[in-house]
Amino acid sequence: MLWTLAWRNVWRNRRRSGLTLATILLAVVLGLLMRSMQYGSYDAMIASTVARGGHIQVHGEGYWDNKSIDRSIRADAATLGQIMTVDGVVDLVPRLESFALISFGDRTKPAAVIGTDPTVEHRYTALADRVVEGDYLAEGQRGVLLLSSLADYLGAKVGDEVVLLGAGYRGQTAADLLPVIGIFDLAMMGNLETGLAYVPLVAARELYAAPADQVTSLSVMLGDGDTAWATADILATMLGTEYEVMTWHETSKEVVQQIQSDSAGGIFMLGILYMVAGFGLLGTVLMSTMERRREFGVMNAVGLRKGRLATVLFIETLALVIVGVILGLLVSLPIIYWFHLHPIPVSGDLVKIFQDFNVPPFIPFALDPGIFVAQGLVVLVMALIVASFPIVSIRRLHIIRAITGR
Amino acid sequence: MPVIDARDVYKTYEGNGLPVHAVNGISLRVEKGEFTAVIGPSGCGKTTLLNMVGGLDSITSGEILIGGTRIDSMSGRQLTDFRLHRIGFVFQAYNLIPVLTARENIEFIMELQGVEAAERAVRSRELLEAVGIAEKSDIRPGKLSGGQQQRVAVARALASEPEFVLADEPTANLDSRATAELLDMMLEMNRQSGITFVFATHDQRVIDRARRVVALDDGKVVSDSAAR
Amino acid sequence: MSLSTAMRIGLTALLLVALDAGIDSAGAQEVDAREIVRRANDLARGLNSYSTASMQIERPDWSREMSMKSWSLGTEYYLILITAPARDKGQVFLKRENDMWSWVPRVQRAIKIPPSMMNQSWMGSDFTNNDLVRVDSLVIDYIQTVTGEETIHGYETYRIELMPLPEAPVVWGRVVLWIAKTEYFMLRAQYYDEDGELINRLTASEVKLMDDREIPTRLVMEDVKKPGHRTIMVTESVDFHIDVDDAFFSQQQMRTVR
Amino acid sequence: MLWHIAWRNVWRNRLRSLVIASAIAFGLLGGVFSYALMMGLANQQIRGTLRTELGNFQVHHPEYPADRDLRYALTDVDALVEEIRALPGVVGVSSRIVGTAMVSSAEGTAAVRIAGVDLEHVGEISDLAEKLVEGEYLSADERIPMLMSRETAEDLEVRLRSRVVASVVSPTGEIVYGAFRVVGLFETINSVFDGANVFVTREDLASLTGFAAGAASEVIVRVQPRDTTLEVAAAVTAAHPELLVRTWRDLSPLLQLTADFTGAFGYGFLAIILTALGFGIVNTMLMVVMERTREIGMLMALGMARARIFWMLLYETAFLSMVGGLAGIVLSVAVVGYTQRVGLNLQAWSDGFRAIGYDPIVYPESSTAFYFQVAGMVLATAFIAAIYPARRALKLLPAEAIRADT
């Protein structure tokens, strides 16, 4: 009967309950949308970070601090196979990169020359989509893809042959004459002092005089990014001390910190939003408690313990909030799902900002169940706090005054 | 053993810095089966006395025994349970729970007592029949007339099978006809089942039909028809 | 950083040693320190030579050997032709005054080494491109003082301490050279940073008769901070009497020299 | 009279009024504080970048290229500087020679931009002197002084007083080498800037590179207030159509976007908070109406016009909101003022912040005008929120209302 009582009380004042629901619903929907957008942007940042470097990177010991091609490792079929057997590993992106001079005519500029498997590279970085002139690289092809600013500086066009010259594996001469297959554009932060170029992995090994199967890094792609730490531990144990195994958290510390600081800001804002909603809820709850003081007095007089009375009230508020939260989730879910599938494209100057942060120019919405659970829980905690106010007022209830309405 | 045994009870409020003696040394015994009206002008202390006897209010000094049990030193929670099992209340403003139907209002008490659902249904029907509004059992208080609501209130008071029923101005909001019907009903119950009723009232209609009249003034008993 | 440990002076020493056979030992009476170093350097200036040498790069987990021919005209001009191993064969380095070019037969192009690459390792060794370019720094950028005499491998040497001039564009805080008293070849050189920490050590040994004079033929450049990192240069033959002028040191020559 | 009744009504139920007023107050505090925090971050970034690095606008040779080739110089630059100095609004002008250099120590080499500054005027356009963490600013008393960031110094393993060698390509295309002595180490809020810049005197750089007397690569101009930048820049363009004049917005599109979007984002968040508050207000006022059904009915019965009842309720809402709004604004002024004075330490994310040019010590900021806008927004919200409850009150029928049993 206590449940009946609580339930009927919720419906007793439909408009008030409706407004309370609306307040909670609004808070949940706004909170979810905000959080979903934030998580969406983090996902995009992480995705772009991971696309470029993998969830986990495997290098030769000491490579990260001193990126020399001499610290490259052998990634033969056996090693790759061994890594692929680890649970959760879905793909490996081998890269062989170092610095070389790129020269055309009388212009020369140092550039990072990245040897990669064109197919696998495109799978993660969508590099082919960045090509603005010419074609994308093909496997085994002898050719180079130049960053547009580098190509501009050199004055090199698609089809021109550029010279690549540098120090190769173990001090051997790295020199090659490669045709420009394509020119790509990549929004990058920082200075353009150094250029960037991609060559097929085989061509890179030839250029750097590296043995077959040699790579400077192996980017490990996981099915579930959350397992990066655990999988990295497994890989580190498996591969031994000649290798260093780092997760993207270690190789991209600044991304982690940017996410953390932004998330803290978001949580702060959500806190404010929920505080406002909480106050609204508190107002309703207090009103309803005050209105029903007499009723509470009577119930206490006829033998309902204050404790149970408080429980009823608590359940009432909670029931209302839970319904509000559920409604909020139901309203948000389709919206978020829609925007998750159809991220809002940004336009104009914003495109540049997004590209500078190395994320696609869309406002993405994350569909992470964690967000929904977290938001639901936060609102519930808020509701619990608010719902405990009536308990205080019940404890202080003076039966005679309550009954007589004084 | 008396149902109510109040011994030299005092109640002093701290009102505006001056002590107010609402109940100023009252001793009152009510035996089982009585139909007693406590009367007196406003502020004479009758409501305070009833509240103390009903375990709703604390006493300043003295002793109150209900059915031989001292209640003046009980904790709030003990008192609540005591009220639930031993005392029935009827209030001036009916004070039914608005979201529950007449029957549910009655069963509510029984449920608090832990009575089985089947038994609750049987007894609530009996009670509603006894108070003469069985046909209104599934209607919420808001849709009942004052007299009907008060009947439900009486039924609710009896639902716990209490030692006695305390009624504070039960007829104040009722018209003559409803008052008469309600009093008839309660007298009938008193006669047939020996249920003890104690009223605080200044309604002459109630006083006329009471078997015992205790008059208070200034927090003291000034007359008691049983003493004659 | 892979650009660290610039051993820019190492090759200077190499060239000095390689060329100092022209010394007139009778003239070495003066023991003024600056004079000793300048004389050694002057010996290099204006002299022309052709030599063959091998270079061994040693690293903790690998080593590599190269052979080369080089032509020089003083310290301003030289040409180095790599003759082995096969992959590097035919690569030519040309230095003219402050500029340096590289010719790679594989790409049939001469590329001017840009400033940003000057501190990079030369051919993966413990020498940098700069070591090949700024060869007379030891004379002009430092104040030299004789601080002692020592015998190394049976040779009497002056221990000469070099402190950089206040505005000289050198990174060393101090350089100490051991130069043979009569033969004027360098037997040891130590390079310190500004905090006095030893960074590089060059040692010369195996004095042999080359052409018409005796010179140390084995040079070892060690990176003191990285154990196991060293480059060994062994001079196999020298001809101190070739006939070249500055026109020889041209980009055209890079393509054709064999 | 209407105002009077409304004001009294506000205080009839103190607890409820207190709750909703607190909601408004704290909601505003949160919204205003977030806004101030964002503005603080953005403005600090903009001000810092302008003050330390860019100036309000810069003048270059029209062909001055992205790779800072020293060939393209402004001639007779001192006359140009004095000419610009005479323009109204100009608070600082200074010329610089800027090139690309490799700076080396015994332990390392760094690719940087080297700027030769005019000691006489550099203080007018750059506050780098205040960003020193060790040592002194460049001065004429020092021989060949150089400033570098602490970060670069750590990379090169050099300390104060250390000698470094800079190699620069001279205007004639030769590589020239010059020794410099590190006299000061700086640290700004932008780690990208720190890693990529060293500073020497204009005289030293000119004599090293053989730069012509009276020539410089660029003129940096500081203007106050900031929003007159375009006018002043236009005046320079008008006088010297042959020169390349670019404002900080052209020079740093990212900064421009920060400037343009931060405010909008702050207002957006404030709007969300006000929406949530609006719901709270609707809720409360609706309760007020329901609670006073009988009373309102009585007033109607007594002949009070519906319009006046409507206005009475609106006024009551306005009072309620004003109390909360005023408290919120007072709180905000206090909190923002205090944090503005002492600064908020967000060091926990300093790496992430500095990577994108944010100062980890944030000084929130806002303006008087902003507080007035906020006050206006609160009042508008209150009125909009009061309309629905007030209309509900008007729909009451007097007879029914009086009979209504609370």
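Each chain gets a letter, A, B and so on, in the order the sequences are listed, and its residues count up from 1.
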**Complete:** Between D:Val165 and C:Val171 the two heavy atoms that sit nearest each other are CG2-CG1, 3.5 Å

**Message:** Are the side chains of D:Glu157 and C:Asp195 in contact, using a 4.5 Å heavy-atom criterion?
**Reply:** no

**Item:** Any residue meeting salt bridge (charged side-chain N to carboxylate O under 4.0 Å, His left out) with C:Glu150, in chain and number order, not counting sequence neighbours
**Value:** C:Arg159

**Proximity breakdown for D:Arg161 and chain C, heavy-atom pairs closer than 4.5 Å** = backbone

**Request:** With a 4.5 angstrom heavy-atom cut-off, could you sort out which part of C:Glu194 is near chain D: side chain, backbone, both or neither?
**Result:** side chain

**Asked** In terms of heavy-atom contacts, does CD of D:Glu136 have more than 12 from other residues, nucleotides or ligands at under 6.0 Å?
**Response** no

**Message:** Please check if the number of heavy atoms outside C:Arg174 that lie under 6.0 Å from its CZ is greater than 12.
**Reply:** yes

**Asked** What residues form a ring pair (Phe, Tyr, Trp, His ring centres under 6.0 Å) with D:Tyr137, not counting sequence neighbours?
**Response** none

**Asked** Measuring heavy-atom distances to chain D, does C:Pro166 have an atom under 4.5 Å in its side chain, in its backbone, in both, or in neither?
**Response** backbone

**Request:** Please name the pair of heavy atoms, one in C:Ala168 and one in D:Ala179, separated by the smallest distance, quoted to 0.1 Å.
**Result:** O-CB, 2.8 Å

**Message:** Quick check for you: to the nearest 0.5 Å, what is the distance between C:Glu167 atom CD and D:Leu208 atom CG?
**Reply:** 11.0 Å

